[in-house]
Each structure stands twice: as C-alpha cells, then as structure tokens.
Amino acid sequence: MFMLPVKTRFRGNAPMAVDPNAEDIVDEAISLFRANCLFRNFEIKGNADRVLIYLILFISECLGKINKNTTQGDAMKQLNTLAVSNFAIPGDPNFPLNAMYAAPTDRLQADQMRQYIQQLRQELVARLVEQIYVDGKPSKWWMCFSKRKFMNLSL
C-alpha cells in the first residue's frame with residue numbers, strides 16, 4: 001500500500017497533508033463511494049487506487065454496522081470501536097485482497113502498515129459519521145448503499 005498524506009487528528013505514521021484545504025484520500029473515498037460501490041471490477045492504475053479500494057470496502061463495513069435507529073453518538077462509538085479493532089492486513093490469510101496487494105516483507109513494515117491503516121480507518125470514521133448524519137438521523141441516501149458489496153468483497 002502507498003502511504004498517502006492525510007489531514008488527520010489521529011496519531012499514526014501517515015504523512016501530514018501539505019494543504020489543509022486540499023482533498024485527501026479519505027475525502028476522495030467518501031465522495032466517490034456511492035458511485036464506486038456499484039462496480040464489480042475496479043481497474044488499478046496506481047498504488048493510490050489500492051488505498052481507495054480498501055477505504056471503500058471499509059465504508060461498506062461501516063454502513064453495515066449502522067441502522068436507521070442508531071443515534072449519531074452511538075454510531076461514532078460503534079464505528080470507532082470497529083476502526084481500532086483487530087483487522088487483517090495484506091499478507092494475512094483472511095485479508096480479502098491478497099492477490100492485489102503485496103505482503104509486508106518484514107515485521108517492521110507490517111507494523112507500519114497496520115498503524116497507517118488504523119489511522120486511515122479512524123479518520124474515515126470521524127468524517128463519515130459527520131457526512132452520513134443529517135438532523136440527528138442517518139441519511140437515507142447513504143443507508144441505501146449499506147447492503148451493496150463493492151467488487152463482491154467485504155473486509
């Protein structure tokens with residue numbers, strides 16, 4: 001995976017974004033999710049696309065955890081727990097995209113990848129909850145995608 005700069009308030013090893021007003025990979029994943037989640041195939045043109053695919057799959061997982069009666073505070077707690085819970089990284093046997101991602105070569109690289117992915121997950125959860133909740137309830141325009149599977153995969 002490529003370590004892209006992220007505007008974040010969470011601790012991790014992601015490079016800080018140079019321009020705080022520019023769109024980063026988390027913003028791009030949220031804005032493109034509803035169109036991309038309909039794809040059965042996704043052409044990878046670069047390493048940033050691998051990060052985007054992972055984030056889209058994580059958004060799908062987050063939407064599956066929220067239901068229409070979940071309050072914004074409860075959703076934030078549930079999704080924050082999901083973001084920091086144990087997750088598979090490339091090279092692990094239960095990682096769904098091992099064919100598309102190179103496994104870490106050593107323990108240090110695996111730890112760095114885990115830190116980076118966790119930081120991305122935490123930042124994505126914070127921004128996603130702000131985006132989904134309108135007037136204290138989840139937006140139906142987001143929740144209608146909760147059952148969709150991007151590329152027929154899930155994390």
Side-chain angles (χ1 to χ4, degrees), residues 1-40 42 44 46-90 92 94-97 100-101 110-155:
M1 281 181 89
F2 205 61
M3 289 188 73
L4 299 169
V6 180
K7 300 177 296 193
T8 185
R9 55 185 174 261
F10 296 98
R11 198 176 61 124
N13 57 357
M16 292 299 293
V18 177
D19 183 7
N21 297 323
E23 190 174 83
D24 64 358
I25 190 67
V26 176
D27 292 329
E28 186 175 346
I30 291 171
S31 65
L32 296 176
F33 170 76
R34 292 183 281 185
N36 285 342
C37 77
L38 303 173
F39 293 171
R40 290 198 183 279
F42 191 90
I44 297 175
N47 287 325
D49 287 340
R50 289 181 174 84
V51 178
L52 187 63
I53 288 170
Y54 183 86
L55 291 176
I56 290 172
L57 287 171
F58 185 64
I59 291 171
S60 296
E61 188 175 347
C62 290
L63 290 176
K65 297 282 183 196
I66 299 172
N67 64 40
K68 66 179 182 177
N69 297 324
T70 306
T71 65
Q72 188 169 357
D74 289 343
M76 188 63 109
K77 288 177 192 172
Q78 287 176 349
L79 296 182
N80 273 329
T81 302
L82 177 66
V84 296
S85 66
N86 195 16
F87 55 89
I89 63 170
D92 290 347
N94 55 345
F95 188 72
L97 302 166
M100 294 183 215
Y101 293 77
D111 288 341
Q112 287 178 336
M113 184 179 291
R114 188 171 302 280
Q115 272 186 330
Y116 178 66
I117 292 174
Q118 182 171 341
Q119 186 179 12
L120 285 174
R121 288 166 62 116
Q122 288 175 307
E123 187 62 34
L124 183 113
V125 162
R127 294 186 203 176
L128 186 65
V129 169
E130 291 173 8
Q131 189 81 30
I132 291 175
Y133 278 84
V134 179
D135 299 329
K137 294 185 178 192
S139 167
K140 67 180 181 181
W141 303 113
W142 276 93
M143 298 312 295
C144 67
F145 292 98
S146 64
K147 301 275 192 255
R148 297 289 306 181
K149 282 192 171 184
F150 175 60
M151 296 172 43
N152 286 329
L153 296 171
S154 61
L155 291 179

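Aromatic ring orientation, F145 versus F33: perpendicular (interplanar angle above 60°, classes split at 30° and 60°).
Between the side chain of Y116 and the backbone N or O of L4, at least one donor-acceptor pair lies under 3.5 Å. The main-chain N or O of N21 is found under 3.5 Å from a side-chain atom of D19 such that the two form a donor-acceptor pair.
Legend: salt bridge (Lys or Arg N to Asp or Glu O under 4.0 Å) pairs involving residues 20-31, not counting sequence neighbours, sorted by first then second residue: K7-D27, D24-R127, D27-R127.
With contacts defined as side-chain heavy-atom distances shorter than 4.5 Å, the pair N86/R114 qualifies. For the pair Y101/I53, a side-chain contact is recorded, criterion being any heavy-atom separation below 4.5 Å from C-beta on. The closest side-chain heavy-atom distance from V125 to F58 is below 4.5 Å. At a threshold of 4.5 Å between non-hydrogen side-chain atoms, the residues T81 and Q78 do not count as touching. Taking the side chain as every heavy atom from C-beta outward, Q118 and F10 never approach each other to under 4.5 Å.
In this structure, CD on Q115 lies 11.0 Å from CD1 on I117, to the nearest 0.5 angstrom. Rounding to the nearest 0.5 Å gives a distance of 11.5 Å between CG of L55 and CG of N36. Going from atom OG of S85 over to atom CG of N80 covers 11.0 Å, rounded to the nearest 0.5 Å. Taken to the nearest 0.5 Å, the CD1 atom of I30 stands 11.0 Å off from the CD1 atom of I56. Atoms CZ and CG, from F42 and L57 in turn, are 10.5 Å apart once rounded to the nearest 0.5 Å. Taking CE of M76 as the start and OG1 of T71 as the end, the distance is 11.0 Å to the nearest 0.5 Å.
Partner of S146 under the side chain to side chain contact (heavy atoms under 4.5 Å, CB included) criterion, out of I59, I66, L63, N67: L63 alone.
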(request) Mind running side chain to side chain contact (heavy atoms under 4.5 Å, CB included) on V6 and Q119 for me, showing each step along the way? (result) CA-CA 9 Å; V6 180; Q119 186 179 12; 5.7 Å; no

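Minimum heavy-atom separation, P5 to A17: CB-CA, 3.9 Å. Nearest heavy atom pair, residue I25 against residue A48, reads CD1-O, 4.1 Å. Residues E123 and T8 approach most closely at OE1-OG1, 2.9 Å, considering heavy atoms. Nearest heavy-atom pair, P138 versus T70, reported as atom, atom and distance to 0.1 Å: CD-O, 3.9 Å. Between Q122 and R11, the closest heavy-atom pair is OE1-O, 4.4 Å.
Both the sub-6.0 Å distance and the 45° axial angle are not jointly satisfied by R121 relative to the ring of Y54.
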